[in-house]
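Accompanying notes for the structure given below.
A, B, ... follow the sequence lines: proteins, then strands. Residue 1 opens every chain.
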Amino acid sequence: MTVTPPDTTPPTTDARVLLIDGHSMAFRAFFALPVENFATTSGQPTNAVYGFTSMLLNLIRDFAPTHLMVAWDVSRASFRTTEYAEYKGTRSATPSEFKGQIPLIHDVLGALSIQHVGIDGVEADDVLATMATRSAEAGAQVLVCSGDRDTFQLVSDRVTVLYPRKGVSDLVQMGPAEVQEKYGVTPERYPDLAALVGETSDNLPGVPGVGPKTAAKWIAAYGGLEGIVAHVGMITGKAGDSLRENLAQVVLNRRLNGLLRDVEVPFSLEDIARGPIDRAAVHEVFDALQFTVLRDRLFQLLPQDEGKEEVASLTLQHERPEPKALGAWLAARGDSIGLEVVGRFAGGAGDAWALAVADADGVGTVLDLTALDPDDDRALADWLADPERTVVVHDAKTATHLLATRGYRLRGVVFDTLLAAYLCHPDQRTYDLDDLAVRYLQRELPRVDEAAADQLALDLTGEGEDLSALARAVAVRELRASLAADVDARGAGGLLESVELPLQAALIAMEDAGIAADLSYLRAIEAEFDSAVERAAAGAYEAIGRQVNLGSPKQLQEVLFDQLDMPRTRRTKTGYTTDAEALAELYAKTGHPFLEYLLAHREAIRLRQTVEGLLRSVAPDGRIHTTFQQTVAATGRLSSADPNLQNIPIRTEEGNRIREGFVVGEGYECLLTADYSQIEMRIMAHLSEDAGLIEAFRSGEDLHRYVGSRVFGVAPADVTSAMRAKIKAMSYGLAYGLSAFGLSRQLGIEVSEARGLMDDYFERFGGVRDYLTGVVDDARRDGFTETILGRRRYLPDLLSDNRQRREMAERMALNAPIQGSAADIVKVAMIGVQRELAERELGSRLLLQVHDELVLEVAPGERTEVEAIVREQMAGAAELSVPLDVSVGVGRSWREAGH
DNA sequence: AGCTCGACGTA
DNA sequence: CGTACGTCGAGCTG
């Protein structure tokens, strides 16, 4: 134990000291917040950390403490357990999910520069009692935050206890008056009362038949426990007898519940004065915990520039080129320029109003694009379009679109910090420049207001927003080196340069092009689906004799399980499922007409919704411009949003009608679709090197028929359609980590049969089994999986001791190389198609990508050549040990062109 | 207004 | 108790 330093703090009447019992508050937070709602994406539970931090921030906000300290229980053992082995003996073991969060709370406290301590042999409350006493003696106002009522004995004019009534957000302030009011005794006498009444949570039994009222009465009569003990013979009645029988326990209770006020705490009052927080550490810790909201709350609490001195190190020089001098100024900037475009872009249209440019020396400017001198405008256009001058951008796809809205063409993008960050951390959902700056530059983007402008010695009259654009341009430029190093260290340098960056150019062109929509056709089927919705709803209402909201699972559950008393379905978090599968089952069991109408309603409303969404997103040019997101899917796939054109219905006839609304645009000959057949199984064959599976693809026989003939030991011609269906489900399931249970459920067969099927499969295709187990083993060892192009997915959860999370990670490990390699191949194909179309100066163009399918718009007379290009580029996108089979279709609509 | 949840479309 | 996405309405929270 450390020796107590002399307390040199002079009495300070304006000091406000906040003392927190860490364990007690964290434990309350743990139970107040559902653990399933608070976890990082990697599965680390954070409910206790969150609740604790949130409470801490509230306290700091509400009480503005000048001094702050947290005390921890080191172990259950203390002088109290030595004296009384049963002390707190009824407490069950702390859940492991809670224990793991304590070090995380330590990290939070560290980042916030809050002193915290645990002292062997005493409890946290003894530490708090000691500090409270010292602080009060020094003249400070003290707040003690603890869930242990024993702390009430500390209450005085100077000391208030904050006691959680419920959870961690509802704290009640206990001053002398409140203690007196609630217990009928003064704070000093509270432990006497507790000794008599007992404390269940500490496993201290009280006197049977004596509650707080009796105890308070005796304390009043005899002046306290000492007086009661001295006069124990005088107390009459049953309670008196009971007291005499249990007197030893009461005396023991009193010895145990008295808090120590002279523990050798290694902090003086001065030591726990609130210091400046470590901003970088806060970012690091809150990043890791994924506490974005709390981080914002924290920074709002702080003086604007606290801990921000490092901002000054951001070299940034703002210049204002004279009118007509922009061309010369830009020419002097050299290479590796950071760019930031300010504007808005969505659905194929938008506007850009400012452009920030920063060079390698941190010299930069912010241009108002709405008010450029015509000469400067031309100079800027030439400079932006110059492919020789290299630029670095964060999200170059959006920047390019934005600049295009003002007629500028952006070329020479050699690095995109967004794409780089995605390759390094594919599981993150967002890659904000601010976060990257903190992570890679250990620096914050300056919050640019007038004060910051002064600090940066910026000569500015413009908008604050423009200034932050300049800071972002500088940050982007500076980020290039660190991110490039990280990308290379992760073996993704080739992917960035040869795949993601060139692909970005293709995506820009695709988004610009959009796909033509047949407006009148879509409106017609919208009306049709609408009346189908009405019909189904009317039928459903009639069947149950009332109107309900058919779109509300909650109301549906009332109808199905309460009103109609149907058998309960599978449980969900909030009740019983009403999904289509369960409804179909219920229909088979009950034949109730409501279910038929409900299912019809679901389908119709869904179709109507899809069409409505599409109609809403048709741009003035009559086309739908989706956004392909290149940095969202952890496996490397693209995703499509606003609207999502990768989930347009195809399986049902009704759904397929929607595809008729996507048509060839004016001036073009037809749509062409090209898709890979069974690309994932082919990748499986390639990666596993399973001779049987490779042979299956080389034989030219139908894959599932071939595999089925091997598994069931019959001639391919004798594989029944039922056998084929089982094999197909099985083959695809393997790539997702399907279990025998899952397979049995999907096929509606016994688990044993499913297991037998899997065994037979692996018997014949042992290479597949070896590959699948090997992939997980390797990933466990390396911490990541890899695709054929070296795209990684990091899976730390493979080592989790939580079974559910571990098994989830194992399935991800099985799937990521397969889905991700397919994504790699399609991306390479897209780049090849785009390149060939450009080199041959064809008018045809890529429009969409749907994971294993490309949709192109063919210019008149180019059909044959385009088909040849697409086939060649797609089939040749990777050299696998099995051929890559491509099928092509053409037509005036997406449906016709499909197969 | 902003969030989560259930449901469901695609590969 | 099969992966990867995006979108919608309902219903809750602030």
Side-chain angles (χ1 to χ4, degrees), chain A residues 34 36-38 293 426-427 429 548-557 569-583 598-599 601-603 605-614 616-617 626-629 631-652 654-656 658-659 675-681 729-747 751 754 772 785 793 795 803-804 807-820 822-823 826 848-854 898:
Chain A
E36 60 270 20
N37 296 352
F38 292 87
V293 176
D427 270 282
R429 295 292 297 188
V548 294
N549 184 341
L550 297 173
S552 160
K554 198 170 155 234
Q555 295 182 35
L556 286 180
Q557 286 172 51
T569 55
R570 205 177 66 244
R571 281 226 58 130
T572 66
K573 238 182 225 174
T574 51
Y576 299 91
T577 184
T578 64
D579 66 18
E581 191 194 335
L583 294 181
L598 179 56
L599 281 165
H601 184 262
R602 280 261 175 86
E603 194 193 358
I605 211 162
R606 176 128 206 118
L607 293 166
R608 186 184 68 181
Q609 212 167 257
T610 304
V611 176
E612 277 172 357
L614 291 173
R616 265 201 308 278
S617 41
T626 184
T627 301
F628 287 106
Q629 308 198 97
T631 60
V632 166
T635 52
R637 275 189 174 180
L638 297 177
S639 74
S640 159
D642 303 313
N644 182 356
L645 295 185
Q646 288 177 327
N647 73 341
I648 302 302
I650 190 168
R651 281 167 205 191
T652 63
E654 289 294 283
N656 227 320
I658 298 178
R659 291 192 170 222
D675 63 55
Y676 283 112
S677 43
Q678 296 142 343
I679 188 169
E680 296 197 341
M681 282 312 290
M730 167 100 204
S731 290
Y732 279 103
L734 286 178
Y736 301 146
L738 186 67
S739 65
F741 178 91
L743 184 64
S744 74
R745 239 199 64 164
Q746 196 196 322
L747 295 174
V751 176
L772 292 174
T785 61
R793 179 166 189 189
L795 294 164
R803 197 181 94 176
Q804 198 182 327
E807 290 180 345
M808 183 72 180
E810 286 169 0
R811 291 192 294 273
M812 290 173 175
L814 290 174
N815 179 250
I818 297 171
Q819 190 185 116
V826 181
L848 302 177
Q849 186 251 45
V850 192
H851 307 309
D852 66 357
E853 170 189 7
L854 300 181

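Residues meeting the side-chain hydrogen bond (donor to acceptor under 3.5 Å, both in side chains) test with A:R608, sequence neighbours left out: A:D530. Here A:N549 pairs with A:S552, A:Q555 under the side-chain contact (heavy atoms from CB on, under 4.5 Å) rule; sequence neighbours left out. Evaluation of the side-chain hydrogen bond (donor to acceptor under 3.5 Å, both in side chains) rule for A:D852 yields no partner, not counting sequence neighbours. Residues passing the side-chain contact (heavy atoms from CB on, under 4.5 Å) test with A:Y732 are A:Q678, A:M681, A:H704, A:K728, sequence neighbours excluded. When the side-chain contact (heavy atoms from CB on, under 4.5 Å) test is applied to A:R571, the partners found at least two apart in sequence or on another chain are A:Y576. The side-chain contact (heavy atoms from CB on, under 4.5 Å) test applied to A:M808 returns A:R811, A:M812, not counting sequence neighbours. Looking at residues two or more places apart in sequence or on another chain, you find a side-chain hydrogen bond (donor to acceptor under 3.5 Å, both in side chains) between A:T626 and A:S640.
Distance, A:L550 CG to B:dA7 P: 14 Å, rounded to whole Å. As rounded to whole Å, 14 Å separates atom C1' of B:dG9 from atom CG of A:D579. Note: CG (A:L607) to P (B:dA7) measures 18 Å, nearest angstrom. Rounded to whole Å, the distance from CD on A:Q609 to C1' on B:dG9 is 10 Å.
Atom name P, nucleotides C:dC1 and B:dC5: the rounded distance is 15 Å, in whole Å.
Note on A:L814: nothing from the nucleic acid sits closer than 4.0 angstrom, heavy atoms only. Residue-level contact check: A:I648 touches the backbone only, with heavy atoms under 4.0 Å from sugar-phosphate atoms and none from bases. Contacts of A:R602 with the nucleic acid, taken as non-hydrogen atoms under 4.0 Å apart, involve only primed sugar atoms and P, OP1 or OP2.
Distance CZ/A:R793 to OG1/A:T635: 6.5 Å, rounded to 0.5 Å.
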Find every protein N or O atom lying less than 3.5 Å from an N or O atom of nucleotides 11-14 of chain C, and list the pairs.
from   : atom 1 : to     : atom 2 : distance (Å)
C:dG11 : OP1    : A:S552 : OG     : 2.6

At under 4.0 Å between heavy atoms, which parts of nucleotides 1-6 of chain C does protein reach? Answer with one letter per nucleotide, 5' to 3': B base, S sugar-phosphate only, - none. BBBBSB
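Side-chain polar atoms of A:R602 and A:T578 form a donor-acceptor pair below 3.5 angstrom.
Within the 4.0 Å cut-off from OP1 or OP2 of B:dG9, not a single side-chain nitrogen or oxygen of A:T610 is found. The side chain of A:R616 contributes an N or O atom lying less than 4.0 Å from OP1 or OP2 of C:dC8.
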